[in-house]
Amino acid sequence: LKKLQSQIEASMDAKKAQDAENLQKVVNLYNGMDPQKAAEKLATLEPKVAVEIVMGMNQRKAAQVMQNLTADKAKRSTEAIVAKQTVARK
């Protein structure tokens, strides 16, 4: 049973590492995009996904992208980022 538990934990760790690597690849793609185009694409994504991407981006680029979002999308993204950081601090 312990061996099976260890295998499951190792598998979960590998999945987390793969997810983090994939997210970083997407963040790098968005960092390389024109801010207006990146904002257009982010606006179509599920909010949680968009927030993960923005939080991983270069700060200057993320600011440019946020500037190109509609006021409503920027507001929602900002609130989601703050909420995520507040939860992470607890």
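Residue numbers start at 1 and run along the sequence shown. What you see is a predicted model, and the numbers here were worked out from it, not measured in a lab.
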Measuring from atom [atom1] of [X] to atom [atom2] of [Y], what distance do you get when rounded to the nearest 0.5 angstrom?
X	Y	atom1	atom2	answer
K25	L23	NZ	CG	11.5 Å
M55	E52	CE	CD	6.5 Å
K84	I81	NZ	CD1	10.0 Å
M66	M57	CE	CE	10.5 Å

Problem - Verify same cluster id: V51, V49 (apolar side-chain graph, 4.5 Å) - result: yes

Practice task
Might you work through the side chain to side chain contact (heavy atoms under 4.5 Å, CB included) test for L69 and S77, ending with a clear yes or no?
Solution key: CA-CA 9 Å; L69 289 172; S77 295; 4.1 Å; yes

Exercise for the section: Verify the distance criterion only: is there a donor paired with an acceptor across the side chains of Q64 and N68 at less than 3.5 Å? Expected result: no

Problem - Side-chain donor or acceptor of S11 paired with backbone N/O of Q7 under 3.5 Å - result: no

Practice task
Could you tell me whether a side-chain N or O of K61 sits under 3.5 Å from a main-chain N or O of M33, the two making a donor and an acceptor?
Solution key: yes

Handout entry: Where N31 and N58 come nearest, the two heavy atoms and their spacing
Key = OD1-N, 3.1 Å

Residues 39-48, side-chain donor-acceptor partners within the protein, below 3.5 Å, at least two apart:
residue: E40; atom: OE2; partner: Q36; partner atom: NE2; Å: 3.1
residue: T44; atom: OG1; partner: K41; partner atom: O; Å: 2.7

